[in-house]
Amino acid sequence: MEPVRRKALVDAALRVIGDHGSLAVTMSDIARQAGVSPALAHHYFGSKEQLLIETIRSLLRQLRNDTVTALAAARTPRARLSAVIRVSFHADQFAPETIAAWLAFYAEAQRSEETRRFLVIYARRLRSNLLADLKALLPADAAERIAEGAAAMIDGLYIRQSLKSAPIGIEASIALTEDYLNALLATASPSPRSERGRPHRTTQGQMT
């Protein structure tokens, strides 16, 4: 039962953080949402801080697994770029409680070195996934510039989902990011490397 209860507590933490819009929640709040006692929650995680760290690890694991699956199904560098974009705006990532939790963790990263480290892992993975396939299409300097821009656009559009007064849907966010990539790919010089015969790259590494 331990894996089941640990997952239930992580899922409950995500919902409670989403409802509160911050990490200012208690272990009792989370335990109540999960339908277990606070003592059991402490037994599995030791402290609220450890449960919150496991919650962000869970978000990153899910995003990584979805990305690995999407990249494996794409056959060209351009298709893999689209796969990364679509995964970034997956419906699961757009759930209101998930958006609220990500924003809460970003705020916490200003105070917590451990939380900041996990968010740096996310940012590096996103940039790496974009850059690896952009380098197959463009010279390195152009690929790096466009990867930074695309990553910033993905993050910016995602953050705007928290603005209930001006929501941007999943498909619109994907289309805007694709338009950005298409426009820059059309004006940049092609890479001397050919896509044909290019070995399939290794997808994201395991999180430590």
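Computed over heavy atoms, backbone and side chain alike; hydrogens, waters and symmetry mates excluded.
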Can you sort out the partners of F105 under ring-ring contact (aromatic ring centres under 6.0 Å, His included), two or more places apart, ordered by chain and number?
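In terms of ring-ring contact (aromatic ring centres under 6.0 Å, His included), with neighbours along the sequence ignored, F105 is linked to no residue.
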Do you see a donor-acceptor pair shorter than 3.5 Å between the side chains of T26 and D29?
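The answer is yes; a qualifying pair exists.
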If we count only N and O atoms by modelled type, under 3.5 Å, do the side chains of E178 and N182 hold a donor and an acceptor together?
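No.
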Looking at every heavy atom in both L9 and A31, which two are closest together, and how far apart are they?
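The pair with the smallest heavy-atom distance is CD2-CA, 4.3 Å.
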Within 45° of the axis and under 6.0 Å from the centre of the six-membered ring of F45, does NZ or CZ of R6 qualify?
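Yes - R6 lies over the ring of F45, closer than 6.0 Å to its centre and within 45° of its axis.
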Using the side-chain hydrogen bond (donor to acceptor under 3.5 Å, both in side chains) criterion, which residues pair with D155? Sequence neighbours excluded.
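For D155, the residues satisfying side-chain hydrogen bond (donor to acceptor under 3.5 Å, both in side chains) (neighbours in sequence not counted) are Y122.
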Would you say the ring centers of F89 and F94 fall short of 6.0 Å from each other?
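Yes - the distance between ring centres of F89 and F94 falls below the 6.0 Å cut-off.
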Is there a donor-acceptor contact under 3.5 Å from the side chain of K135 to the main chain of A143?
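No, the answer is negative, given that no donor and acceptor are paired below the 3.5 Å cut-off.
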Using a 4.5 Å cut-off on heavy atoms from C-beta on, say whether the side chain of [Y] contacts that of [X].
{"X": "R124", "Y": "I121", "answer": "no"}
{"X": "W102", "Y": "L119", "answer": "yes"}
{"X": "I85", "Y": "L181", "answer": "yes"}

Can you tell me if R86 has over 12 outside heavy atoms packed within less than 6.0 Å of its CZ?
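No, not enclosed.
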Which residue in the set L130, T67, I154 passes side-chain contact (heavy atoms from CB on, under 4.5 Å) when paired with S88?
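Only match with S88 under side-chain contact (heavy atoms from CB on, under 4.5 Å): I154.
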